[in-house]
Structure formats: C-alpha cells, structure tokens
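Proteins get letters first, then strands, A, B, ... in listed order; numbering begins at 1 in each.
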Amino acid sequence: MKSFADLLDRLVLTPSRNAKLKLLTDYLAVTPDPDRGYAIAAITRDLDILSVKPAMIRALVSERVDEVLFGYSYDFVGDLAETVSLIWPSPEAENPEADLRLSAIVETLQAASRSDGPKLVERWLDDLDSSGRYALLKLITGGMRIGVSSRLMKQALADYGAKDVTEIEELWHGLAPPYLPLFDWLDGKAEKPENLAAAPFRPVMLANPTDLEELARYDPADYLAEWKWDGIRVQVTAEKGVCRIYSRTGDDISGAFPDLLAAMEFDGAIDGELLVGHAEDGAIRAGTFSDLQQRLNRKTVPAKLQKQYPAILRAYDLLQDSGEDLRPLPFERRRERLERFVAALPSDRFDLSPLVPFEGWAEVAEKRNAPPDPVIEGLMLKRRDSAYVPGRPKGPWFKWKRDPRLVDAVLMYAQRGHGKRSSFYSDYTFGVWTGPADDAQLVPVGKAYFGFTDEELKQIDKFVRDNTIERFGPVRSVRAEPDHGLVLEVAFEGLNRSTRHKSGVAMRFPRISRLRWDKPPHEADRLETLEAMLE
Amino acid sequence: MRFEDLLRPTPKGLYCPPGDFYIDPVRPVERALVTHGHADHARPGHAHVMATRETLDIMGIRYGEGFAGATQEAGYGEVIDINGVTVSWHPAGHVLGAAQIAVEKDGTRIVASGDYKRRRDPTCAAFEPVKCDVFITEATFGLPVFRHPDDREEIGKLLKSVAQFPASAHLVGAYALGKAQRVIALLREAGYGETIYIHGAMQKLCDYYVSRGVELGPLAPATIEKQAKDQFAGAIVIGPPSAFADRWARRFPDPISCFASGWMRVRQRTRQRGVELPLILSDHCDWDELTGTIREIGPQEVWVTHGREEALVRWCELNQIRAKPLNIVGYEDEAE
C-alpha cells in the first residue's frame, strides 16, 4: 500500500506527461501481481468495490479526536479525506513493518457487505501510515482524481512491456482487474491473451495532418475525399446481441448514448463520427459541437436531453460485417460495403459521410475552406487501396483541416506555468473591446497557453513583468489600455455561446498564433466581430 | 510573584519589568535577549544585544557588523544576572545557536523557548527540557494534522526522484538559515557524496556553518557557465523558495521543484505553490512533539505564541493544563 500511496502522491503533483509515464512504468516494474493490476484499475477508476460515504468516515474520526480540534484542522486543510488521514491517532503499539497490501484491501472490499464497512476501514486506518490512509480514503470514497486518463495508463502499460499501444487498446475490453494474463504477456511469460469478449474494440486507424506542399508528391487519382465532421470519432460494434460504443482510444462510452445503442440492430463494426442531430426532409441535420457537449461526460442521460439532442452516427468505414473482417480490403471496396450496410439501418440514427468529388489538390484546398455545412472541420483524404490498419501510418490517410479563425485580442492577465515553465508567465487571458467606441472596455474571451516559441515566451514574460498592475497569487494583471498593451493574434477552431463567460462566447482550442507588437491595442477586434462568427 | 510581573507581552515583544529587557523584540529597544538568528526574532537596531556566539555571528552576517550598539555573548548553560533577574541559556534544537531563555526571580521561573524542535538535527545542539512554572511555546505547527514524518524517509524521496529523473535538476527550496544546511547534512548522512549546488544567498551562512564544525561536503555556487545548462542535469540545487519562481530558475534543465517545509504536509499548500516534490522537513515541533514537550516539562501554565494558538490552548484545556494565547505580533510562519 505504501508504494501505491507514494505513487499517487507523486502523480497528482507531476504535470509532465513523460514524467507521469516514467513514474507509472517504474511502479509496474517493481510491484508484484496482483497489486499492480489493482493499482491501475484504482487509478483509472475501473474497480468495482464497496464504497463508503464521507459521513461514515466523519463518524469514525469523531470517536477518536476532539470535535473542536478536528474542526480547526478541517478548516485549515479543506479536504475531509486528507484531514482524517493526517489527524488519525495511530495506536501506541505501532508496527510500521507490517505493510498492508493493496490487493488485500481490494479483495476484502470486493467480498465485503455494506455493514462490514466501518469496522474494516477503522482497522485499516490503524494499520496504515498517513499517506496510506489518504490513498485508502480516496479509494473507498470514489475520489481518486489524479490526472491520469485511461489513455495514459494504456500508454504506460505499452511502454512497460515495449508493445504498441494499439495492442493494449485492442485487448483492454476483454480484461478485468488485476489483469494477470496481460502482465504475463507484457513480462514475456505468456502469449498475447486473446480477446474473447463479444463486440471487442478494434484499434482505430488515424490520419496525418497535411498541406498542399506535401500532397503535391501524391497522385490525386489514388485518393478519395470525404468531409471531416466536428463530433467525436467512435467505433460502434454489435455482435451476438452485445452492443458497444467505443471512443477512439477504446474506452467504452456506451452508457452516455443509450438512444444510439438501442438503434444498433445490426451485426458488425462501424467507424464513424458521433454527432447529435434531427431527421429533416429524409436526411439528418447535425447539431454543432456545443449541442453535442450537452451529451458528453454524463453518467445518466435524462429523457429530455435524449429527445432534444438525439445521438446519431455518421459512418466513415466498415470494419466488420457479420462474421467477416473487412479491414484487409482496400478502402474503396470497404466503402461500397459500407454504403450497402448503412442503407439497411434506421435513417434517423445512421447516415453516410458523403464522398467529395475533386479533380486535383487545388480543388481540395479550396473545398476544405468552404464546407457546405458548419459542422465540418475539414477534409479527409484516403487512398483507394488502403487497408484499415491500427495507428497513424504515414501515407494512406491524410486530414486537412480548414484554416483556423483568427482574432486580434489584448493580453489582460498572465499566470505562472507549471513544471518547466514555473518561472515563466505562460498562461494568458486575453480580451476584446466592447461598449461605445469612445469608452470601450476589454472583456475576456479566452485563455491560451501554447502556440508561441520559446523565444516568444521570453518576450511575453518580460512584457508581463515590466507591465504588471496587480498581483493575485500566481496571476498578474497587465497594462491593457487603448494605446499601451500587447496584442495577440489568437487562432481557434470554433466559437460557442457560453453562459459561463461574461463575454457570452467561448473559443474552442484557442492558441497564440502571432504576437502583434506592431499593433496598438485600440486596433484589436471588438466583441461584435466574434459574435458574427458564432455557429 | 505573579507570572505577568516577571514577563509579559507588549507591542515591542516579551518584556521583563524587573530586569528591564526584552526577549526577541520586534522593534528597536535598549536591551534585547535574542533566541536565534531568524529575521523575525533577531532584528537590527537594538542598543544592547545578548545572544549565543552563533546567533551574534549570524546577525553580523545578515545585517553587517554594526547591527547593535553593543553585544554580549551567552553560552549554553551560562547563568547571568540582569538587574537582579537570573537569566540562563539552553539549547532549543531549532537552528545553529538557537537557545531557550529561562528567566527567574524569587523562585519563579519562566522559559521562553523561542522556536524549537525535538528531533535530532546534525547541524545544531539538541533541545534540553528545563523545569519551569511557565513554559512559553511556539505553535507554528500547532494543529493535530501536523505530524512530521521521519527525516530519512523524506530525504529518501528526494534521492529516489534524482535516480528516476537523471536528466532533470532537482531544485530544493529551503530557508537560507538552518533548513538549507540541514537538508545538505541529511543528504550527506544518506550517503549522497555529489557536489550540491547552492544559491548565492546561502553561501555565507553555509560557510559559517562549516566554520563551526558542521560537515556539509562539497558545495558549489549554482552559477552557470555560458551554454553549459547540462552541467546541472541530475544535480541537486538548493535555494531560497522565492528564487524558484523567478527567472533565476531558468538556467536549469527540466527542473523538478521541491520544497523542504513542514507546510508540505498539506497537499493543498503544495499544489498552490506548484511544488512537484514536497519534502516534509521542519525546524519546528510537530503536534505530537509540542504536546509531548508540555507533558514532559509539566509547567503550571503554558503560554502559546505565534502559530495556531487556539488548537494548542484547547489541547491544554482538555488535559487540565492552564494555558493562554500570548498574541504577540510580528512573528512569521516558517519560510513562506
């Protein structure tokens, strides 16, 4: 439990992705089974164990600690699990050598009944040290949020076993904690486990970004083009009555889309874009990404939302048709099969992403910037003869996004970065003008922390330090006046209405594209310019 | 004699009316007795300062030779009469030269402990409990959530990370007087023999510790040769906490920010400061040591000063010990 607790403490404070991977792989290398498997499941929150309510923990601690002293402490620390883990009085006869194993705790909790909870927890709180107690309390109250996605965990497993991450993704849904067959394979002690689960995830094929210069090296006649839709890329699979919707990294997201799941009356696996949309004159009209966001990251979906924002699938590719694996076939052949396959599906839930005819690359360049639908974010180019292979091979598939929207905004606040950037003001809040022309005010419209070079970062940092008006902890407000300030050209993918922001708009994927030292702030854009870009 | 007639809090600090002197006054006074060299306890500008040799030297290093009109050295165990009040000096275990001051008249004794800790520290003399009627204790970490772990475990975390991330420089924020030298000495005890790089602000104090017989091993200034950033890959660099948020920190490759402080016990504090590797190392008592010391000394009354007075006073009440907060202004939290 100690090494698991130490790992959590390090992970939660480590911002760098590579450093997180290093911490995880080092942990996997020295931790025995089944502890490491349970640790992974605990971090990705895939453990099904007895959970307890914070009130129960509060009751336990009140038997041991004076209420007043607990109150002072809780006020200072601010987190119940942490306060309890620190304040818990260890019994006099302490035996720090007896290291309680994570697996012992997990397996006991899996078998425990609700009424066993308090007694078990009390005993463990006595046996563990404070960081162990903290890990335990986070584990059993479901508060394990430490900035490690299941995607990152799969990467760590791949790094640990020197495998490709797509192999881990492919297996993931046939496995359960503590993943013993997986580790045997990663350690070279056994063959790769076979995924025997019905409706498994198939590793996704991804495209590389491209431009006109690169495309000139390829023959346009070898490629087909289709629109790239602004939703979430998914794989929908139905086999032997088992239906699943997977994200492109193999996470099962079926629970969030029961309406689409219910319409999956087929046997096969489709690669497509999940959107929300309504049937209109025999076709589906897709909603914007902000409509789709109403449906994302939900545990339960109210009927009203399902009706207002029905989930639909816009199909790109067919991977499996009944018992037949189509992935080795050329794209052009798969496309024909896909067209027939989708034609048999309910038209209010499934449609095809249409192919886009073109003569040469110049026409592609033009079309990607003038899409016929606002929910399109660019074009996909796929070689006619390309097999469906996992990962991001160079050559068979390209994506070419439309040019980003640009706006000139004024730097208003800067915040110190983390890790490598902790001595730099590297996170920028910027605003545009609003109100009457003779008395315009800046209103914040977004925040960006990348897009600039290291050299530009130094220049902005110097500007921030030389032009600070006020400090609030790690944040500084800087001079932003009509004739004195720094104008940032900000690029972004789209704009949504937002009630959370004072300006009423929220940018998607904003980044700094240029520093406009040449431009006086009063020439920066006005809010009206942004409002006109609303989708 | 009423206790308050021997020693009482005033806006300038703790004052002894019969002896006409102050202990750790926060404003310039005629006669000051100084417990230790931290800036909030040892201020310049007094007419006459009495302190240990080390504390006087440290004040000289920090403020220049003219920091007081006159100085008088007091050794541990020495007993000195000031206007009929008996004053004696006892190690406090806080930093090099730190002393508790016992003040006695007509059979009443009050001990002002200044700042103190109970665990072993290779850089200074260990705390000695002194029987007294009133024990004046600090309460910097006076909440039951503060229970400092074993020093060796914390130093072990640092050394493990240095081994795990050999391309990074580990920047350890540590208060320049006491904490920095203790971190270095603990690293040496753990077997770390490499050169440790130190910020310029620490040079003189580290030199002084070495001159008083504290072994610190090979140290070098954390200055950089042109284009030789890599020289700090895998290195441990120690500087004042404020320096790591500053441009100074940019000279180091892939820095991992560490902070050696008792406050690192609380995760929220750690996150707020952007610290990646907290090292829970304090020169103050933790809760168990505070309450243990009060039990051991067994005074009639406990006066609680700077820190979380209310929690420690509450503990005393629960244990039938008379206690009150002193509310002296001007002392700071540890190294924040």
Peer 1: Of all of A:Val77, A:Thr14, A:Val84, which one pairs up most often with chain B through heavy atoms under 4.5 Å apart?
Peer 2: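 Option with the top pair count is A:Val77.
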Peer 1: Does the structure place the NZ or CZ of B:Arg314 under 6.0 Å from the centre of the six-membered ring of A:Tyr72, at an angle of no more than 45° from the ring's axis?
Peer 2: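 Verdict for A:Tyr72: no cation-pi partner in B:Arg314.
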Peer 1: Is A:Asp6 close to chain B through its backbone or its side chain, or both, or neither, when contacts mean heavy atoms under 4.5 Å?
Peer 2: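 Contact with chain B: none, neither part.
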Peer 1: Please check if the distance between the ring centroids of B:Tyr175 and B:His38 is under 6.0 Å.
Peer 2: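 Judged by ring-centre distance (under 6.0 Å), B:Tyr175 and B:His38 do meet the cut-off.
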Peer 1: Please check if the number of heavy atoms outside A:Phe76 that lie under 6.0 Å from its CZ is greater than 12.
Peer 2: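 Yes, the 6.0 Å shell around CZ holds more than 12 heavy atoms from other groups.
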Peer 1: Counting heavy-atom pairs under 4.5 Å to chain B, which of A:Gly71, A:Ser73, A:Ser85 comes out on top?
Peer 2: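 Among the listed options, the one with the most contacts to chain B is A:Ser73.
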Peer 1: Checking A:Ser131 against chain B: side chain, backbone, both or neither under 4.5 Å from a heavy atom?
Peer 2: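 Backbone plus side chain of A:Ser131, per the 4.5 Å heavy-atom cut-off to chain B.
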Peer 1: Between A:Asp454 and A:Lys458, is the closest basic N to carboxylate O distance under 4.0 Å?
Peer 2: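 A salt bridge is absent here (no side-chain N lies under 4.0 Å from a carboxylate O).
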Peer 1: Strictly less than 4.5 Å between heavy atoms, which residues of residues 18-28 of chain A line up against chain B? Please order them by number.
Peer 2: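 Heavy-atom contacts from residues 18-28 of chain A to chain B are A:Ala19, A:Lys22, A:Leu23, A:Asp26.
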Peer 1: Does any heavy atom of chain B fall under 4.5 Å from the side chain of A:Val65, the backbone, both, or neither of them?
Peer 2: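 Nothing of A:Val65, per the 4.5 Å heavy-atom cut-off to chain B.
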Peer 1: Counting only heavy atoms not in B:Lys324, do more than 12 fall under 6.0 Å of its NZ?
Peer 2: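 Atom NZ in B:Lys324 is packed in, count exceeds 12.
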Peer 1: Which bit of A:Tyr74 comes within less than 4.5 Å of chain B, counting heavy atoms only: side chain, backbone, both or neither?
Peer 2: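 For A:Tyr74, there is no contact with chain B at all, as no heavy atom is under 4.5 Å.
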Peer 1: I'd like to know if the side chain of B:Arg271 reaches the main chain of A:Val12, judged simply by a donor and an acceptor atom lying under 3.5 Å from each other, with no hydrogens or angles considered.
Peer 2: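 No: the side chain of B:Arg271 does not pair with the backbone of A:Val12.
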Peer 1: Considering only heavy atoms, which portion of B:Arg267 lies under 4.5 Å from any heavy atom of chain A: side chain, backbone, both, or neither?
Peer 2: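 Interface part for B:Arg267: both.
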Peer 1: State plainly whether the residues A:Lys138 and A:Asp79 are in salt-bridge range, i.e. N to O under 4.0 Å.
Peer 2: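 Looking at A:Asp79 together with A:Lys138, the answer is yes, because their closest N to O distance falls below 4.0 Å.
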Peer 1: Before giving the answer on salt bridge (charged side-chain N to carboxylate O under 4.0 Å, His left out), spell out for B:Asp286 and B:Arg119 the whole-Å C-alpha distance, their side-chain angles and the decisive distance to 0.1 Å.
Peer 2: CA-CA 10 Å; B:Asp286 68 6; B:Arg119 60 188 65 199; 3.4 Å; yes
Peer 1: Check B:Lys117 with B:Glu289, please: is the shortest side-chain N to carboxylate O separation under 4.0 Å?
Peer 2: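 So B:Glu289 does not pair with B:Lys117 through a salt bridge.
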Peer 1: Quick check: does any side chain N or O of A:Asp35 sit under 3.5 Å from a backbone N or O of A:Leu102, one acting as donor and the other as acceptor?
Peer 2: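 Pair found, side chain donor or acceptor close to backbone of A:Leu102.
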Peer 1: Less than 4.5 Å to any heavy atom of chain A: does that hold for the side chain of B:Glu310, its backbone, both, or neither?
Peer 2: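 For B:Glu310, heavy atoms of backbone and side chain both lie under 4.5 Å from chain A.
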Peer 1: Other residues, nucleotides and ligands only: do more than 12 of their heavy atoms fall within 6.0 Å of CZ on A:Arg45?
Peer 2: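 More than 12 heavy atoms, drawn from other residues, nucleotides or ligands, come within 6.0 Å of this atom.
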Peer 1: May I ask you to list the residues in residues 148-156 of chain B that approach chain A closer than 4.5 angstrom, counting heavy atoms only, ordered by number?
Peer 2: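 Those residues of residues 148-156 of chain B which have a heavy atom under 4.5 Å from chain A are B:Glu153.
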Peer 1: Check this for me, if you would: do A:Asp126 and A:Arg64 make a salt bridge, where the nitrogen-to-carboxylate-oxygen distance has to be below 4.0 angstrom?
Peer 2: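 Salt bridge between A:Asp126 and A:Arg64, a charged N being under 4.0 Å from a carboxylate O: yes.
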Peer 1: Please work out whether the ring planes of B:Phe232 and B:Tyr197 are parallel, tilted or perpendicular, with thresholds of 30° and 60°.
Peer 2: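 Rings of B:Phe232 and B:Tyr197: perpendicular, over 60°.
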Peer 1: With a 4.5 angstrom heavy-atom cut-off, could you sort out which part of B:Ser168 is near chain A: side chain, backbone, both or neither?
Peer 2: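 Contact with chain A involves no heavy atom of B:Ser168 at all.
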Peer 1: Please work out which of the three classes, parallel, tilted or perpendicular, describes the rings of B:Phe141 and B:Trp263, given edges at 30° and 60°.
Peer 2: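 Because their plane-to-plane angle lies in the 30° to 60° range, the rings of B:Trp263 and B:Phe141 count as tilted.
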